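In listed order, ligands and their atoms are each counted from 1. If you're wondering where the values come from, they're calculated on a predicted model, not measured in any experiment.
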Amino acid sequence: MSAEIISGTAMRAEILDELKQEVAAMQEKHGKTPGLVTILVGENPASVSYVTLKVKTALGLGFHEIQDNQPESISEQALLELIEKYNQDDDIHGILVQLPLPDHIDEKKVLNAISPDKDVDGFHPVNLGRMVIGGDEIRYLPCTPAGIQEMITRSGTETAGAEVVVVGRSNIVGKPIAVMMGQKGPGANSTVTMVHTRTKDLDEHCRRADILIVAAGVPGLVKPEWIKPGATVIDVGVNRVGVSEKTGRAILSGDVDFEAASKVAGKITPVPGGVGPMTITMLMKNTVKSAWFHLENKQNDAA
Ligand code: NAP
């Protein structure tokens, strides 16, 4: 048996095409496109490359994009004032602060200062609360879990009644995706188990999973014999396991032994090229959603 590969790269292209059409429709209807500001503090090379990719993707979709670079020395107060300026700017629908921030700045304070209505990363406690309530309350889902759910549904995996096992309980991946898959509604309605380092018989839990989502950050943690034949396996892990002699670039590997797991699973995501490309894509999707929300609400106000 050889698993079907769920390609995040291919899905990204498909979703970005859909978003381009939405942006064109928005331009036609409102004469505006989604506005996204990316705030980068300092020059951390990894942060610079993440922000560059986000900006490039946003520009490719025709967004009104502002890259606001600030020096490492910016004070917490000045950063909070900058965020408030964008909170009040009607042409900006999404505010993104690239993490990590320098030590003298309280990250939590900064993230909480972003208006929940412009929090396209979906990290604000208000949006996490809305996510837990579910249904019509949901505004912006956190991007990596939203990408995971999109991959599961777009790959044609049945989620209703499925046994979902999530390995990991972080605030950015494990916990939110466990809540989302257990919600009432399409792409969910699953029976969810969340496992972690204190779980007894981790392998036994994994073996029950119709959908196995692994976000532990441990290369090769999940062995092929832990996978139920035919299961859908979503490998969120991104681990640097070496450096390529040829390119000098990091060699990346997931939390699942991909080669061996592909012989057992029904569907599986690769690393790289799996969940990774979906995260920025969902950020763009949230920004388009926010723009519609702001533009249509404003129109209703004027009516
Ligand atoms: P994290 O905050 O370090 O959390 C890891 C979780 O996995 C913890 O809950 C931990 O359990 C659990 N865990 C670790 N080792 C385990 C083991 N041996 N057995 C069972 N559970 C174990 O990590 P994260 O931020 O969620 O990220 C997880 C992985 O996903 C990383 O490789 C990260 O790079 C990747 N990631 C990828 C994307 C993307 O592709 N876009 C986005 C985010 C993260 P305890 O709570 O008990 O410690």
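Of all protein heavy atoms, the one lying nearest to atom 42 (C) of ligand 1 is Thr144 OG1, 3.4 Å. With hydrogens left out, the protein atom closest to atom 24 (P) of ligand 1 is Ser170 OG, 3.7 Å, a heavy atom. The closest protein non-hydrogen atom to atom 37 (C) of ligand 1 is Val236 O, 3.3 Å. Given atom 25 (O) of ligand 1, the protein heavy atom at minimum distance is Ile172 CD1, 3.5 Å. Considering only non-hydrogen protein atoms, atom 7 (O) of ligand 1 sits nearest to Ala216 CA, 3.3 Å. Of the protein's non-hydrogen atoms, the one nearest atom 18 (N) of ligand 1 is Leu221 CD1, 3.6 Å. In terms of protein heavy-atom proximity, atom 45 (P) of ligand 1 is closest to Thr197 OG1, 3.5 Å.
For atom 44 (C) of ligand 1, the choice among Val173, Asp255, Val167, Leu252 with the nearest heavy atom turns out to be Val173. Of all the listed residues (Asp235, Val238, Val218, Leu202), Val238 holds the heavy atom that lies closest to atom 33 (C) of ligand 1. Taking only non-hydrogen atoms, the option from Pro145, Gly168, Gly147, Ser253 nearest to atom 6 (C) of ligand 1 is Gly168.
Counting heavy atoms under 4.0 Å from ligand 1, residue Thr199 does not touch it at all.
Of the protein's heavy atoms, at least one falls inside 4.0 Å of atom 30 (O) of ligand 1. Taking a distance limit of 4.0 Å, we find that atom 40 (O) of ligand 1 is approached by some protein heavy atom.
Residues Lys285 and Leu19 meet the side-chain proximity criterion, which asks for heavy atoms closer than 4.5 Å.
Every atom of ligand 1 with a heavy atom of Thr279 under 4.0 Å away is listed here by number and element: 39 (C), 41 (N). The distance from ligand 1 to the heavy atoms of His196 drops below 4.0 Å at these ligand atoms: 11 (O), 20 (C), 21 (N), 47 (O). Of all the atoms in ligand 1, the ones that sit under 4.0 Å from a non-hydrogen atom of Asn239 are 32 (O). Taking every heavy atom of Arg169 and a limit of under 4.0 angstrom, the matching atoms of ligand 1 come to 6 (C), 8 (C), 9 (O), 45 (P), 46 (O), 47 (O).
Under the 4.5 Å side-chain heavy-atom criterion for Ile, Leu, Val, Met, Phe, Trp and Tyr, Leu40 and Ile92 are members of distinct hydrophobic clusters.
Under a cut-off of 6.0 angstrom, the local environment of CZ in Arg240 is sparse, with at most 12 non-hydrogen atoms contributed by other residues, nucleotides or ligands. Heavy-atom neighbours of Asp17 CG from other residues, nucleotides or ligands within 6.0 Å: above the threshold of 12. Within 6.0 Å of the NZ atom in Lys223, the count of heavy atoms belonging to other residues, nucleotides or ligands exceeds 12. Within a 6.0 Å radius of CD in Glu245, other residues, nucleotides and ligands contribute 12 heavy atoms or fewer.
By the 4.0 Å heavy-atom criterion, Val195 is excluded from the residues contacting ligand 1. Using 4.0 Å as the threshold, Gly174 has no heavy atom nearer than that to any atom of ligand 1.
Rounded to the nearest 0.5 angstrom, Leu80 CG and Asp106 CG are separated by 9.0 Å.
Looking at Asp210, Thr159, Thr269, Thr157 one by one, the single match for side chain to side chain donor-acceptor pair (under 3.5 Å) with Thr232 turns out to be Thr157.
A donor-acceptor pair shorter than 3.5 Å can be found between the side chains of Tyr86 and Asp68.
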Item checked: Val275 vs Asp235, side-chain contact (heavy atoms from CB on, under 4.5 Å): CA-CA, chis, key distance, verdict -> CA-CA 7 Å; Val275 177; Asp235 189 355; over 6 Å; no
Notebook entry, point to check: Yes or no on side chain to side chain donor-acceptor pair (under 3.5 Å) for Thr193 and Glu163, after CA distance, side-chain angles and deciding distance?
Noted result: CA-CA 8 Å; Thr193 307; Glu163 289 279 345; 4.7 Å; no
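A donor-acceptor contact shorter than 3.5 Å links the side chain of Glu158 to the backbone of Ala160.
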